[in-house]
Amino acid sequence: MSNFAGLCKSSDFKNIASPVMIPFKSLIQIDKSSAVPVFLQVSNQLAHFIRAGTLLAGQRLPGTRQLAELLTLNRQTIVAAYDEGLAQGWLESKTGSGTYVAAHFPEVKPQALTLDSTAPSPQTIASKTPGYTFESIPFLHRPILTQTTGLHLDDGFPDIRLAPMDELSRAYRSYFRWGNPQAHFGYGDTKGHLLLREQLSAHLNETRGLRTTSDNILITRGSIMGVHLASQVLLRPGDVVVTGETNYVGATMNFQRAGATLVTVPVDQHGLDVEALAQVCAQQKSIRMVFVTPHHHYPTTVTLRPDRRIRLLQLAEQYGFIVLEDDYDYDFHYLSRPILPLASADPKGMVVYIGSLTKSVAPAFRIGYVVAPSELIDELARLRRIIDRQGDPMLEFAVGQLFKTGDLKRHFRKALRTYQARRDRFCDLLTNELAQYVQFAKPDGGMAVWARFDPAIDLEKLALRAGQQGLFFSNGVSHNPPGQRLNCTRFGFASSTEDELELSIRVLKKIL
């Protein structure tokens with residue numbers, strides 16, 4: 001008997017036809033405070049012992065009464081545990097003989113339990129290189145902003161406390177009550193729930209001057225999926241894509257992953273420098289795509305001037321490039337005169353329009369959309385199908401219902417008033433408290449302020465110190481063009497109340 005077995009009482013063992021004596025009473029540990037049912041705890045541990053070779057293929061297990069007695073459990077619990085093992089294929093039952101470890105498992109020789117001071121830590125094991133190679137893509141390595149607790153001047157997130165949760169809850173319940181359950185819970189349309197596409201089409205036509213039907217819309221999991229699908233379908237390695245020198249890094253990474261050659265042009269207080277783009281067009285043999293966030297340029301929040309929009313569409317028609325328009329926060333413009341999207345004034349069909357409801361409701365509700373000619377929508381859906389068979393039909397139905405009842409439009413109006421008040425308060429605080437440290441332009445819309453710090457201030461160290469004081473904001477590194485240090489960052493104001501914004505500025509002023 002091994003030393004381990006020798007530590008166990010003789011009552012741990014029963015006379016079973018087995019080449020190894022197993023101390024079941026000592027090995028199987030039950031935590032009755034756990035949320036995992038006891039029968040599953042027993043079944044899972046038996047499966048673990050089989051995988052580890054502690055229980056061998058073909059080995060007979062104790063009877064249900066015997067094991068129940070050893071573990072001080074109800075016999076029906078052991079019956080349920082064995083039944084689970086039988087269903088999972090770990091165990092097999094022989095009539096009149098008992099329950100056995102399935103015979104088809106290969107022999108595993110268990111290693112002795114030893115304490116090895118040189119053994120790697122669990123963290124090292126988790127990061128151990130697998131038995132194959134893969135390419136780690138450097139440009140995908142960037143920090144992900146997920147801070148949502150405490151004080152935060154984030155990237156420009158909505159306030160989830162304003163989301164129409166009660167209305168969404170009612171819409172979800174209606175999904176379960178109405179219609180054919182088989183249709184509701186089976187596979188749906190890869191393009192998205194028809195109700196949402198119809199309602200979204202009507203909303204875009206009414207508010208953005210588009211001319212769409214449901215066939216022109218693909219529902220995605222956020223705008224970033226739309227950018228990814230468009231990049232994969234429309235770009236080939238070597239294609240030239242033009243972006244602003246400052247740009248949405250998620251889009252840039254997708255273009256790089258598609259193998260595109262990136263060319264950048266300046267962005268000023270009026271948006272993308274379209275005349276610089278015209279010079280690139282004249283110099284390049286061909287340009288495949290121009291990516292633009294015209295309503296509130298990311299990250300600087302400036303709006304593309306109307307004359308530049310017209311010129312951009314003229315260049316697209318002249319040189320035959322695609323305009324990929326990411327209109328991620330169109331719903332929040334505070335001057336009551338938002339400029340219509342490029343897609344609304346696109347006579348030749350050169351614009352692929354991408355938007356999102358994520359910023360309008362809450363980040364957890366992953367709903368974006370692509371608007372394009374139906375032929376392109378069909379192709380995007382075919383690609384989407386092999387990576388994501390469909391979206392979330394329940395969520396899409398619920399949001400479609402909120403459009404239909406008018407609840408979502410009422411939410412947009414309420415959020416717009418709230419965010420405008422927060423923008424005004426935050427900009428007053430920046431002007432009155434931090435003018436000697438920060439320069440900014442009051443944004444016409446969106447959910448963030450583009451803040452430029454005095455060059456003498458180390459923004460990375462400042463962000464680190466602020467985090468130690470309970471205030472989170474980006475250090476701005478991800479916004480820097482290659483080889484440049486802008487010393488700028490985005491201060492999101494929408495997700496904080498006016499009191500929280502005041503506290504945030506107080507912390508920042510104290511550190512500065």
Side-chain angles (χ1 to χ4, degrees), residues 135-145 154-156 223-224 227-228 230-232 234-294 296-302 304 308 312 321-326 328 354 438-441 448-464 473-491:
E135 177 187 4
S136 181
I137 305 170
F139 61 76
L140 296 182
H141 292 232
R142 69 182 185 97
I144 299 175
L145 304 178
D154 50 46
D155 192 54
S223 60
I224 190 64
V227 173
H228 175 76
S231 300
Q232 295 299 311
L234 296 174
L235 299 178
R236 294 292 176 267
D239 283 348
V240 175
V241 175
V242 179
T243 72
E245 287 181 348
T246 53
N247 193 49
Y248 173 38
V249 68
T252 299
M253 291 192 297
N254 270 291
F255 304 146
Q256 290 175 294
R257 186 58 181 160
T261 299
L262 294 181
V263 176
T264 62
V265 296
V267 175
D268 58 24
Q269 69 271 28
H270 302 300
L272 194 77
D273 187 338
V274 179
E275 290 310 314
L277 171 62
Q279 295 178 16
V280 173
C281 291
Q283 296 167 0
Q284 294 282 345
K285 291 183 178 179
S286 64
I287 292 176
R288 178 59 174 169
M289 179 183 289
V290 172
F291 176 78
V292 63
T293 51
H296 308 119
H297 176 74
Y298 187 95
T300 67
T301 77
V302 297
L304 187 62
R308 294 191 180 187
L312 176 57
F321 59 74
I322 302 159
V323 177
L324 188 59
E325 180 179 16
D326 184 356
Y328 64 97
I354 293 175
V438 180
Q439 293 181 337
F440 71 98
V449 168
W450 181 243
R452 182 182 300 275
F453 279 79
D454 186 292
I457 296 172
D458 189 321
L459 186 52
E460 292 184 57
K461 291 182 178 178
L462 181 67
L464 182 62
F473 62 87
S474 168
N475 61 19
V477 170
S478 63
H479 303 313
N480 290 334
Q484 299 185 43
R485 179 177 177 268
L486 300 179
N487 218 38
C488 298
T489 191
R490 281 169 63 89
F491 280 155

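These numbers come from a predicted model, not from an experiment.
- The distance from atom NE2 of H297 to atom CH2 of W450, rounded to the nearest 0.5 Å, is 8.0 Å.
- Here the side chains of F321 and V240 are not in contact, with every heavy-atom distance at 4.5 Å or above.
- Residues L272 and V290 meet the side-chain proximity criterion, which asks for heavy atoms closer than 4.5 Å.
- The shortest side-chain heavy-atom distance between H479 and D155 falls under the 4.5 Å cut-off.
- Remark: side-chain polar atoms of N480 are paired, donor with acceptor, to backbone N or O of L486 under 3.5 angstrom.
- None of D154, L459, T489 except one satisfies the side-chain contact (heavy atoms from CB on, under 4.5 Å) rule with S474; the exception is T489.
- Taking CG from N247 and OG1 from T252, the interatomic distance works out to 4.0 Å, rounded to the nearest 0.5 Å.
- The structure places CD of Q439 at 8.0 Å from CG of D454, a figure rounded to the nearest 0.5 Å.
- For the residue pair Y248 / N254, no side-chain donor-acceptor distance below 3.5 Å is found, with atom types taken as modelled.
- Side chain of R288 to main chain of L234: a donor-acceptor pair is present (N/O by atom type, distance under 3.5 Å, no hydrogens or angles).
- Evaluation of the side-chain hydrogen bond (donor to acceptor under 3.5 Å, both in side chains) rule for R485 yields N487 as partners, not counting sequence neighbours.
- Contact check for E325 versus P294: side-chain heavy atoms found under the 4.5 Å cut-off.
- Looking only at distances, a side-chain donor or acceptor of R490 sits under 3.5 Å from a matching main-chain atom of P299.
- Residues A448 and T301 come closest through the heavy atom pair O-CG2, 3.5 Å.
- The minimum heavy-atom distance between M289 and L235, with the atom names listed, is CE-CD2, 4.0 Å.
- The minimum heavy-atom distance between P481 and T246, with the atom names listed, is CG-CG2, 4.2 Å.
- Taking all atoms of both residues into account, the shortest heavy-atom contact from L312 to L304 is CD2-CD2, 4.4 Å.
- Side-chain N or O atoms of Y298 include none that pairs as donor or acceptor with a backbone N or O of V249 at under 3.5 Å.
- Going from atom CD1 of I354 over to atom OG1 of T293 covers 11.5 Å, rounded to the nearest 0.5 Å.
- At a threshold of 4.5 Å between non-hydrogen side-chain atoms, the residues Q256 and L262 count as touching.
- Pairs engaging residues 236-245 under the side-chain hydrogen bond (donor to acceptor under 3.5 Å, both in side chains) rule: none recorded [sequence neighbours left out].
- The nearest pair of heavy atoms linking G271 to R308 is O-NH1, 3.0 Å.
- Taking the six-membered ring where the residue is Trp, F291 and F255 present perpendicular rings, their angle passing 60° and hence far from 30°.
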